[in-house]
Structure formats: C-alpha cells, structure tokens
Amino acid sequence: QVQLVESGGGLVQPGGSLRLSCAASGFTLDYYAIGWFRQAPGKDREGVSRIGPRADITYYSDSAKGRFTISRDSAKNMVYLQMDSLKPEDTAVYYCARDGGYTSSRFPWTALNRYDYWGQGTQVTVSS
C-alpha cells in the first residue's frame, strides 16, 4: 500500500511563498529518492527538485534553483518543497514521486520513468 499525498498548494501572489508537503505511507522515505515535478496546462511534466536518501544529494531545475528548497523530515516520513519568490510561471499542478531505484543510471533525475509511485498532485496558482 505505497501511497504519496501532496498538500500545501493554493493561491499566492507573485513574490509570495508556499510550502508543499509530501506524506508517504507504506514505505520509509529515507530509503528512496523523492522528486518534485510540476505540470502546467498544455505543457509537459517537468522535474523541479529531487532529494536522495537521507538528504545526501539534492537537485534543482534551473528555474527552481535559488528560490525553492527541498527537505525531508524523517520522523514524520515527509518531504517538503519550500517555494519562495514565486512567479506566475510557477503556476502548475505539483506532484511528488518515488524513485524505485531500478532504472538505469543513464537516465537523468528528471526522467519520469525513474519513478514508480506518484501522488495525486496539488494545485499551485501564482497570480495577483
């Protein structure tokens, strides 16, 4: 019963902040890499950030770098995405996903086929 549930999305003005949460059940987050992805209307799903087991390694997209921060709370079995200085271009449905660890390392962290479980998504809207 592996499950990922995102929360924390909503409407925020440009320049504002949101913290997204990804709650995991059925497995221990510390043993897996977790990615945050987003999909805007009419666009492909794209990688935003990724955190490795025990937060040893993190990755960010160019657009997220310097504005977003990924972290985990092992005790709560949760991963977070702190989003600051939000822009209208950040408007999208945000998903967290688990890297199953079986995909070849030749695929980048942003490759969707690395991830075997996905949450339902949470809507982020940045508008004045």
Side-chain angles (χ1 to χ4, degrees):
Q1 59 265 44
V2 171
Q3 189 172 347
L4 297 166
V5 179
E6 304 94 336
S7 62
L11 175 64
V12 65
Q13 294 186 346
S17 298
L18 285 173
R19 189 179 75 159
L20 305 184
S21 299
C22 176
S25 60
F27 71 100
T28 301
L29 272 176
D30 277 1
Y31 301 153
Y32 295 86
I34 302 295
W36 280 101
F37 293 78
R38 69 186 183 188
Q39 188 165 22
K43 296 186 177 181
D44 294 332
R45 190 169 299 188
E46 63 175 351
V48 178
S49 186
R50 172 182 166 112
I51 188 167
R54 298 184 178 275
D56 290 334
I57 302 174
T58 59
Y59 296 93
Y60 297 93
S61 67
D62 289 341
S63 63
K65 196 172 300 180
R67 299 188 299 127
F68 295 0
T69 304
I70 191 170
S71 63
R72 74 170 70 237
D73 186 333
S74 297
K76 294 183 177 181
N77 214 36
M78 287 188 173
V79 170
Y80 304 98
L81 184 68
Q82 177 68 43
M83 305 188 296
D84 298 321
S85 302
L86 284 163
K87 306 173 182 179
E89 305 90 90
D90 296 317
T91 296
V93 177
Y94 284 71
Y95 303 87
C96 64
R98 187 187 81 169
D99 187 329
Y102 54 83
T103 306
S104 172
S105 60
R106 66 188 174 92
F107 292 99
W109 71 268
T110 52
L112 271 59
N113 63 0
R114 282 191 168 276
Y115 302 88
D116 58 355
Y117 289 94
W118 294 78
Q120 85 290 346
T122 185
Q123 177 71 49
V124 172
T125 303
V126 185
S127 177
S128 59

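Computed from a prediction, not measured in an experiment: that's the story for all the values here.
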Handout entry: Candidate pair M83 and D90, rule side-chain contact (heavy atoms from CB on, under 4.5 Å), full reasoning
Key = CA-CA 9 Å; M83 305 188 296; D90 296 317; 6.0 Å; no

| said: Checking R67 against Y60 for the side-chain contact (heavy atoms from CB on, under 4.5 Å) test, could you report, in this order, the C-alpha distance in whole Å, the side-chain angles of both residues, the deciding distance, and whether it holds? | reply: CA-CA 10 Å; R67 299 188 299 127; Y60 297 93; over 6 Å; no

Handout entry: From CA spacing to verdict: side-chain contact (heavy atoms from CB on, under 4.5 Å), S17, Q82
Key = CA-CA 7 Å; S17 298; Q82 177 68 43; 3.9 Å; yes

query: Is there a side-chain contact (heavy atoms from CB on, under 4.5 Å) between S7 and T122 once you walk through the steps?
result: CA-CA 6 Å; S7 62; T122 185; 5.5 Å; no

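V124 and Y95 sit in two unconnected hydrophobic clusters of ILVMFWY residues. Membership requires side-chain heavy atoms under 4.5 Å apart, directly or through other members. In the hydrophobic clustering of ILVMFWY residues, with side-chain heavy atoms under 4.5 Å counting as a link, I51 and V5 come out apart. Put simply, I34 and V2 are part of the same group of oily side chains (I, L, V, M, F, W, Y) that touch within less than 4.5 Å, one to the next. A continuous path of Ile, Leu, Val, Met, Phe, Trp and Tyr side chains, each step under 4.5 Å between heavy atoms, connects L20 with V126, placing both in one hydrophobic cluster. At a threshold of 4.5 Å between side-chain heavy atoms, the hydrophobic network of Ile, Leu, Val, Met, Phe, Trp and Tyr places L81 and Y117 in one connected group.
For the pair F27 and L4, the minimum side-chain heavy-atom distance is below 4.5 Å. At a threshold of 4.5 Å between non-hydrogen side-chain atoms, the residues F68 and S61 do not count as touching.
Taking CG of L29 as the reference point, atom CG of D73 lies at 10.0 Å (rounded to 0.5 Å). Residue K65 holds its NZ atom at 9.5 Å from OG1 of T58, rounded to the nearest 0.5 Å. The line from CG of L18 to OH of Y94 is 9.0 Å long, rounded to the nearest 0.5 Å. Annotation: the span from R19 atom CZ to S71 atom OG amounts to 7.0 Å, rounded to 0.5 Å. C96 contributes atom SG, which lies 7.5 Å from atom CD of Q120 (distance to the nearest 0.5 angstrom). Summarising the geometry, atom CG belonging to N113 is positioned 11.0 Å from atom CG belonging to D116; distances are rounded to the nearest 0.5 Å.
When the shell of 6.0 Å around OH of Y31 is examined, it contains 12 or fewer heavy atoms from other residues, nucleotides or ligands. Counted within 6.0 Å of CG on L11, heavy atoms from surrounding residues, nucleotides or ligands total more than 12; the atom is thus considered enclosed.
A side-chain donor from one of D30 and S74 sits under 3.5 Å from a side-chain acceptor of the other. Inspection of the S127 and T125 side chains reveals no N or O donor paired with an N or O acceptor under 3.5 Å.
Residues passing the side-chain hydrogen bond (donor to acceptor under 3.5 Å, both in side chains) test with R50 are D99, Y115, sequence neighbours excluded.
Side-chain N or O atoms of E6 include one that pairs as donor or acceptor with a backbone N or O of G121 at under 3.5 Å.
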Side-chain donor/acceptor pairs under 3.5 Å, residues 42-49, sequence neighbours excluded:
{"residue": "R45", "atom": "NE", "partner": "Q39", "partner atom": "OE1", "Å": "3.3"}
{"residue": "R45", "atom": "NH2", "partner": "Q39", "partner atom": "OE1", "Å": "3.3"}
{"residue": "E46", "atom": "OE2", "partner": "R38", "partner atom": "NE", "Å": "2.8"}
{"residue": "E46", "atom": "OE2", "partner": "R38", "partner atom": "NH2", "Å": "3.3"}
{"residue": "S49", "atom": "OG", "partner": "Y59", "partner atom": "O", "Å": "2.8"}

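Residues W118 and F37 bring their aromatic ring centres within 6.0 Å.
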